Amino acid sequence: MSRVPGWLGKLGAGLTEMSERLDERRAEVAREDTATPADTPPEPAAPGPDPIPVPAARRPTPAAGPRPDPAEAVPWGVRVAAEAGWRLLVLAGTVWVLMKVISAVQLVVFAFVIALLVTALLQPTVARLTRRGVPRGPATALTAISGFVVIGLMGWFVTWQVMENIDTLSNQIQSGIDDLRDWLLKSPFHVTDKQINQIAKNLREAIGANADQITSAGLEGVQVIIETLTSILLVFFSTLFLLYDGKRIWEWFLKLVPAAARPGVAGAGPRAWRTLTAYVRGTVLVALIDAIFIGIGIYFLNVPMAVPLAVFIFLFSFIPLVGAVASGALAVIVALVTQGVFTAVMTLIVVLAVQQIEGHVLQPFILGRAVRVHPLAVVLTVAAGGMVAGIGGAVVAVPLVAVANTVVGYLRQYSEELQRQKAAAEEPLPENAEDPVHQE
């Protein structure tokens with residue numbers, strides 16, 4: 001037991017001595033670092049033999065640096081095209097889904113759009129009656145009922161005229177076909193009787209081959225009548241509610257718009273409505289002028305059923321470009337098969353003259369710049385509307401494009417104005433300008 005304390009004392013003395021040596025060594029290193037500045041250039045090495053070159057194959061390969069971001073490696077043009085591409089795909093998918101939904105409820109959508117057009121035509125009358133002291137309910141009912149009665153009377157008049165003159169018209173058409181056949185045989189076109197008979201035979205065969213389709217179309221007439229009556233009822237009631245409560249309906253619609261976009265939509269709505277009203281009223285006036293002057297012309301040319309043809313011209317004028325061509329061609333054909341080539345040529349001259357005056361004088365003066373759409377856009381829009389929804393789509397396509405053009409133009413101006421206001425608010429005051437808050 002007497003040896004243990006002595007052994008522990010020697011161990012403690014050794015550890016103490018080792019600690020003192022380590023402290024001395026740290027002090028020496030600290031003195032050397034203080035004496036030698038960090039920017040002192042190293043002493044040149046003593047001259048010696050040149051180093052032996054190492055072959056390239058044996059040289060160590062430098063460590064590869066960090067790989068770049070894959071997005072940074074793609075060219076800028078490709079990245080922009082990819083960004084635009086997937087956004088276009090999203091928009092195309094949205095439009096496709098929207099078209100599917102619209103096609104599923106096409107009858108309702110078409111009826112509501114027609115109601116909007118009729119409301120744009122009748123709303124100024126309701127406003128005029130309310131300004132004269134008539135309550136809004138009776139003014140709305142009186143205007144809507146009067147408008148639909150006028151439209152119904154026009155349809156009844158056309159049907160009555162056609163049914164009353166169908167026998168006389170059939171005889172005139174048969175006589176006109178015989179006269180046309182004789183004229184073709186004597187014309188400088190060198191048409192033979194055999195060729196005319198072949199054309200007639202081909203027409204009969206085409207009608208016989210499509211007899212099943214004609215029969216099925218006749219069987220579907222009941223369904224068409226039911227859909228037509230349903231559409232008329234939807235248009236009537238939608239027009240009533242839009243005329244009577246259109247402002248509240250618009251305010252309810254604004255509540256569905258996100259708050260950030262609500263001011264822009266609220267400003268675009270009245271401008272779009274003014275554009276639609278101007279388009280509908282201008283189109284009605286232009287169509288009425290076309291129908292009156294062309295009807296007077298074909299009446300003095302002794303073309304049968306001049307008044308029903310004028311009504312057809314009025315209705316077809318609501319289809320831009322295509323409607324004028326179709327109604328004019330119908331008048332020329334009736335004149336050709338009933339009164340001969342000379343009357344048909346004179347009818348064509350009357351139709352072309354009136355339509356040229358309409359296109360170059362009436363439309364720019366009546367419609368103005370508010371609803372002006374480029375002719376190419378009109379043609380493409382009418383074609384697309386006809387392919388999607390038939391005659392109804394061709395009728396409503398151009399006013400929808402005119403309204404969309406007005407809305408997009410206003411929203412672009414609204415966005416630019418917001419950006420200018422934001423830039424003006426963020427612009428710092430000049431250094432010599434005084435703070436208006438601290439001015440006395």
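The structure displayed is predicted, hence computed values, not measured ones.
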Heavy-atom side-chain proximity of [X] to [Y] below 4.5 angstrom:
| X | Y | answer |
| --- | --- | --- |
| Leu121 | Leu117 | no |
| Phe253 | Ile249 | no |
| Leu240 | Tyr244 | no |

Nearest heavy-atom pair of Ser238 and Ala115: which atoms, and what distance?
CB-CB, 3.5 Å
Given Trp96 and Lys100, is the side chain to side chain contact (heavy atoms under 4.5 Å, CB included) satisfied, shown in steps?
CA-CA 6 Å; Trp96 182 81; Lys100 284 294 184 180; 3.4 Å; yes
Could you go through the side chain to side chain contact (heavy atoms under 4.5 Å, CB included) check for Arg281 and Leu285 one step at a time?
CA-CA 6 Å; Arg281 298 177 67 183; Leu285 184 57; over 6 Å; no
Can you name the residues that form a ring pair (Phe, Tyr, Trp, His ring centres under 6.0 Å) with Trp156, not counting sequence neighbours?
Trp160
Is a side-chain N or O of [X] found less than 3.5 angstrom from the main chain of [Y], in a donor-acceptor match?
| X | Y | value |
| --- | --- | --- |
| Thr130 | Ala127 | yes |
| Thr283 | Tyr279 | yes |
| Arg136 | Leu243 | yes |
| Arg271 | Thr406 | no |

Taking atom [atom1] of [X] and atom [atom2] of [Y], what is their separation to the nearest 0.5 Å?
| X | Y | atom1 | atom2 | result |
| --- | --- | --- | --- | --- |
| Leu288 | Phe314 | CG | CZ | 6.0 Å |
| Leu242 | Thr119 | CG | OG1 | 4.5 Å |
| Leu400 | Asn405 | CG | CG | 12.5 Å |
| Lys422 | Gln419 | NZ | CD | 8.5 Å |

Would the number of heavy atoms belonging to other residues, nucleotides or ligands and lying under 6.0 Å from OH of Tyr410 be above 12?
yes
Over 12 non-hydrogen atoms of neighbours within 6.0 angstrom of CZ in Phe236
yes
For residues 82-94, which residue pairs qualify under salt bridge (charged side-chain N to carboxylate O under 4.0 Å, His left out), counting only residues two or more places apart or in two chains?
Glu83-Arg87
Test log, rule side chain to side chain contact (heavy atoms under 4.5 Å, CB included), inputs Phe110 and Val113
CA-CA 5 Å; Phe110 180 69; Val113 174; 5.6 Å; no
What pairs with Arg420 under salt bridge (Lys or Arg N to Asp or Glu O under 4.0 Å), at least two apart in sequence or on another chain?
Glu417
